[in-house]
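The sequence lines fix the lettering, A, B, ..., with proteins before strands; numbering per chain opens at 1. Hydrogens, waters and symmetry mates are skipped; everything else that's a heavy atom, side chains included, is used.
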Amino acid sequence: MAIFKKIHTWLEVRLGIDDIVDKRLTGYLLPRNINAWYSLGSVLLVIFILQMVTGVLLLVYYVPDADKAFKSVSIIMNEVPFGWLIRMCHAVGSNMMVAVLLLHMLSTLFMGSYKSPRELNWLTGFILFNLVLATSLTGYLLPWSQLSFWATTVASNSAGAIPVIGPYLVEFLRGGKLVGPPTLGRFFAVHVTLLPLIIASFVGLHLFLLERIGVSSPPFGQQETKSTWTGDRFRYDRHSNGIPFFPNYLLQDGTSILIYLAIFSAIVFIDPYLFFPTTAFIPADPYKTPAHIKPEWYFLANYQTLKVFPSEVIGLLVQGVAMTFLALLPFIDRGKERHPLKRPVFMGCFVGGILLYFAMMIWGHFS
Amino acid sequence: MQTNSRRTFLGLCLGGLAAAATALTAYPIFNYLAPRKQTSGEGTVSFPESDIPPGGAKFFDFRGSTGVVIKKTNGELVALSAVCTHLGCIVQWENVKQDFLCPCHGGRYTPEGIVISGPPPRPLPKLPFHVANGTITVG
Ligand code: FES
């Protein structure tokens, strides 16, 4: 133990660690009635790190060449020791990331945490959500299976519905008239460098904003602190008789992370192919479209929307409007009330929206 | 004292769990990254003698490294490891001068692999080979 004390003192003299811990962690107070849902952000941070680590490991053996990609993935799965584990963690992790992101967004919506003065938190979070979807989409192509190939064909095709520039945009995205080796090259570059960099910087911004503006107090439980922000000048939202982030809330974060890891490992070890249709195991064949090509579960609702509307342009427009509305929600919903039961209009839209989303998803799955 | 020992005990349990989790994570990652076993440990390499023009050389993969067979102008064959004994570059056969040049730091060897000049400390190792029915077998 003496050695730890020595290291601590050495660092303390040079960096003032205690000062940082005091100000940023122990001295950082959260509302007393904060609940477990607030820890989903930490869970997402852990998932992001896991995706980065497993992604870098996969790069060791993956070959981004249309002739060799499928083979290299097979080698990772069947020959490299624990290759299956690394790949399954990455593939299952991406699905779980979208799922946890949706929960994180829903809890933010439900508790009204997106409201003034946290518009920027919401906006950066919303952009992060879209970036993660883009990462999932570009990563999907890389194994170069039938599933990858045709899912990308269909997904990139929908950009063609945009008037005037559509057809050129599709070709630009694909790097050619059809999905082919040039598509793999650009999707690979975007998936492994561009998007992770942008996501990492937005995560940083999101956390900076969280720390700067202060955590919102949930609208439940006894009201310990009331927002005193009047919008005249910057004032950090402090919760004077709240609980310290470290160690109190970090323990909650840890608990949530462990619960997440338990669910995650259960899927990886018991049912790793949960998110894999059989077309994921056949090498891509540009001359043969498999029957019943369907997107990932998180794109099913979008897929069904496109099918419901007679014209692709309208289908895309509807989704664009819905997404823009969500992104700008904090600027539209200016009310101060945060309790869900005291916001009937919001609650109506919230429940209706979720039901609609699930209905479209199930319909898309079975149609 | 009572609470203190309880705290120490729980701390040790937690530390043990953390160590176990770390080991469980590190083991697969280490194995994933560990170099694969080379299959070509003891193999031999064969090719027809006519592959090598008089005064020329033929380079080939030999047991995970590189070997070379040269045919001197008088028709005599020599098989050597082509890995320079200085810092491991692959030596080049100079047809005109009839000797080996290492491009990295200018080491020079005779056709027999003896150092003429430059930094290499040792001669190039000889490789065992035999010729039968016009086929050279190294190894
Ligand atoms: S490695 Fe050959 S001379 Fe230095």
Side-chain angles (χ1 to χ4, degrees), chain A residues 1-5 7-8 46-63 71-93 246-247 250-266 268-269 272, chain B residues 1-47 51 58-67 81-84 87-90 103-104 138-139:
Chain A
M1 289 303 145
I3 178 91
F4 289 122
K5 233 188 157 72
I7 296 174
H8 177 241
V46 169
I47 302 180
F48 179 63
I49 294 168
L50 276 175
Q51 290 304 96
M52 293 287 275
V53 171
T54 49
V56 169
L57 286 172
L58 286 174
L59 276 180
V60 173
Y61 294 105
Y62 173 74
V63 185
K71 179 96 193 299
S72 72
V73 173
S74 309
I75 290 177
I76 292 174
M77 289 299 283
N78 300 314
E79 284 173 34
V80 180
F82 296 101
W84 59 272
L85 180 62
I86 307 286
R87 170 146 188 262
M88 283 305 143
C89 283
H90 198 71
V92 171
F246 174 83
L250 200 63
L251 205 57
Q252 174 63 58
D253 277 345
T255 310
S256 303
I257 290 167
L258 287 180
I259 292 174
Y260 167 76
L261 288 178
I263 299 172
F264 173 68
S265 329
V268 167
F269 288 106
Chain B
M1 196 57 223
Q2 200 83 35
T3 42
N4 210 352
S5 62
R6 175 185 152 92
R7 174 170 279 234
T8 316
F9 172 72
L10 287 175
L12 279 176
C13 289
L14 209 59
L17 276 176
T22 312
L24 269 176
T25 316
Y27 179 76
I29 294 180
F30 176 79
N31 276 281
Y32 179 82
L33 290 174
R36 313 290 301 281
K37 287 221 167 31
Q38 222 86 55
T39 39
S40 56
E42 278 301 303
T44 59
V45 178
S46 313
F47 45 85
D51 270 14
K58 184 182 165 71
F59 290 81
F60 49 87
D61 283 338
F62 184 69
R63 294 179 187 169
S65 165
T66 306
S81 155
V83 182
C84 176
L87 292 175
C89 293
I90 300 299
C104 287
V138 184

A.B. asks: Find out whether B:L17 and B:C13 are in side-chain contact, i.e. whether some heavy atom of one side chain is under 4.5 Å from a heavy atom of the other.
C.D. replies: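 Not in contact.
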A.B. asks: In terms of heavy-atom proximity below 4.5 Å to chain B, should A:I86 be classed as side chain, backbone, both, or neither?
C.D. replies: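 For A:I86, the side chain is the part near chain B, not the backbone.
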A.B. asks: Is it true that, when you exclude B:D61 itself, more than 12 heavy atoms of the residues, nucleotides or ligands shown sit nearer than 6.0 Å to its CG?
C.D. replies: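 Atom CG in B:D61 is not packed in, count stays at 12 or less.
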A.B. asks: Side chains of B:T44 and B:V138: closer than 4.5 Å at any heavy-atom pair?
C.D. replies: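 Heavy-atom side-chain distance check fails, nothing below 4.5 Å.
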A.B. asks: Could you check whether any side-chain heavy atom of A:L57 comes within less than 4.5 Å of a side-chain heavy atom of B:L33, counting everything from C-beta outward?
C.D. replies: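 They are in side-chain contact.
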A.B. asks: Testing the basics here: between B:P28 and B:A23, what is the closest heavy-atom pair and its distance to 0.1 Å?
C.D. replies: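 The answer is CD-O, 4.5 Å.
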A.B. asks: Dump the table of donor-acceptor contacts under 3.5 Å between chain B and chain A, or return none if there are none.
C.D. replies:
| from | atom 1 | to | atom 2 | distance (Å) |
| --- | --- | --- | --- | --- |
| B:Y32 | O | A:Y61 | OH | 2.6 |
| B:Y32 | OH | A:L57 | O | 2.9 |

A.B. asks: So, B:C89 with B:C104, SGs under 2.5 angstrom?
C.D. replies: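 Taking the criterion (SG atoms under 2.5 Å apart), B:C104 and B:C89 satisfy it, so yes.
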A.B. asks: Given a strict heavy-atom distance threshold of 4.5 Å, which part of A:L261 is in contact with chain B: side chain, backbone, both, or neither?
C.D. replies: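 Neither part; nothing is under 4.5 Å.
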A.B. asks: Taking ring-ring contact (aromatic ring centres under 6.0 Å, His included) as the definition, give me every residue that meets it alongside B:F60, ordered by chain and number, with sequence neighbours left out.
C.D. replies: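 Counting only residues at least two positions away or on another chain, B:F60 forms a ring-ring contact (aromatic ring centres under 6.0 Å, His included) with B:F47.
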